[in-house]
Amino acid sequence: MAKTDKILLVLRTLADVYPQAGTRLKFQNPFQLLVAVMLSARTTDEQVNRVTRGLFAEVKSPKDLASMEVGILEDMIKGCGLYRQKARNLIALARILMEEFGGEVPTDFDQLLRLPGVGRKTANVVVSVGFAKPGLGVDTHVLRVSRRLGWHNARDPQVAEAELKRIIPESWWARAHHLFISHGRAVCRARKPDCDRCTIRLYCQYGVSGQSDKAEDRLQSESSA
DNA sequence: ATCCCGAGGG
DNA sequence: CCCTCTGGAT
């Protein structure tokens, strides 16, 4: 079986298991999407949802954020990790959107990348989810799951992103992002991956060789040279 | 390589 | 205690 066929088989299998993947995002516009993704850094989606519920009641657009006191915003997003940096970045970002982008979120990847607090993962998610353009955000789940599958051997998200974009058909990028996240949360967890209940185990290096070889446990102590 | 950083699990 | 949670900037 050709490599691309195997990849599509895995993704289709995951699509059957997680039909809801990516459909539960509750944002009303690209701006709210951008804010939510920025808040999600090193933070559980549950915390993000809790915070955004209150935040989006008051903040609907960059204009609402641009004039906000940092301390006020900090209090509103507290509960998310890294909240002070996030508050600072969000306000700085909102001001740039007002001054340079007419209060709109840019649709261009490179322009997004220049915004404070926006890296490749965030920019990829915004273009793909918000603007239906090709993009594959590589977060901790995407990196871990795809790496265990044996689709690449990168520890650097940027390297993994390039490799995944090379081997996954473009039409599947956004979908793959959500599917890996769903699978990474429910089954292919960082700590105790539930390989027994994994529907793609037979296509997975880690799953086939078995957790018992402790390959993954070494990952943490290895100092990725 | 290190820092930011609270919450939750083991 | 340690690790992880939809990272990014220095």
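Throughout, a chain's letter reflects where its sequence line sits, starting with A, and its residues are numbered from 1.
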Query raised in the report: Is there a side-chain contact between A:Arg12 and A:Trp172 (heavy atoms, below 4.5 Å)?
Result: yes
Query raised in the report: Quick one: A:Asp139 CG to C:dT4 C1', roughly how many Å, whole number?
Result: 13 Å
Report summary line: Closest of C:dC5, C:dC2, B:dC4 to the A:Leu82 side chain is B:dC4
Query raised in the report: What is the distance, rounded to the nearest whole Å, between atom CD1 of A:Ile77 and atom C1' of B:dA7?
Result: 15 Å
**Report entry** Separation between the P atoms of C:dG8 and B:dA7, rounded to whole Å
**Finding:** 22 Å
Query raised in the report: Is it true that A:Val35 and A:Leu97 fall in one hydrophobic cluster, defined by side-chain heavy atoms closer than 4.5 Å?
Result: yes
Requested in this report: Would you check if the side chain of A:His152 reaches a backbone N or O of A:Ala160 as a donor-acceptor pair within less than 3.5 Å?
Outcome: no
Report task. May I ask you to say what A:Leu115 touches in the nucleic acid, namely base, sugar-phosphate or nothing, with a heavy-atom cut-off under 4.0 Å? Result -> sugar-phosphate
Query raised in the report: So, is A:Arg191 close to the C:dC2 phosphate, meaning a side-chain N or O under 4.0 Å from OP1 or OP2?
Result: no
Query raised in the report: Side chain of A:Lys133, backbone of A:Thr107: donor and acceptor closer than 3.5 Å?
Result: yes
Report summary line: In whole angstroms, the gap separating P of C:dG7 from CD of A:Glu161 amounts to 14 Å
Query raised in the report: How many Å lie between NZ on A:Lys78 and C1' on B:dC4, as a whole number?
Result: 15 Å
Report summary line: Whole-Å distance, A:Gln85 CD to B:dG6 C1', equals 13 Å
Report summary line: Rounded to whole Å, the NZ-P distance (A:Lys86 to B:dA7) equals 12 Å
Report task. Please name all residues satisfying side chain to side chain donor-acceptor pair (under 3.5 Å) with A:Thr122, sequence neighbours left out, ordered by chain then number. Result -> none
Query raised in the report: Between A:Glu161 and A:Lys165, does at least one N-O distance fall below 4.0 Å, as a salt bridge requires?
Result: yes
Report summary line: Against the side chain of A:Tyr83, the closest entry in C:dC3, C:dG7, B:dG6 is B:dG6
Requested in this report: For A:Arg114 and for A:Ser40, find the nucleotide of DNA chain C with the closest heavy atom, then tell me which residue's nucleotide is more 5'.
Outcome: A:Ser40
Query - Close approaches to DNA chain B from residues 41-52 of chain A, in residue order (heavy atom, under 4.0 Å) - result: A:Arg42, A:Gln47
Query raised in the report: How would you label the contact of A:Arg189 with the nucleic acid (heavy atoms, under 4.0 Å): base, sugar-phosphate, or nothing?
Result: nothing
**Report entry** Polar side-chain contact A:Arg84-B:dC4 base: donor and acceptor under 3.5 Å
**Finding:** no
Query - Whole angstrom value for the distance that separates P of B:dC5 from CG of A:Leu73 - result: 13 Å
Query raised in the report: At under 4.0 Å between heavy atoms, what does A:Gly119 touch on the DNA or RNA strands: base, sugar-phosphate, or nothing?
Result: sugar-phosphate
Query - Atom-to-atom span, CG of A:Asn124 to P of C:dG7 - whole angstrom - result: 13 Å
Query - Cluster check A:Met98, A:Met68: I/L/V/M/F/W/Y, side chain < 4.5 angstrom - result: no
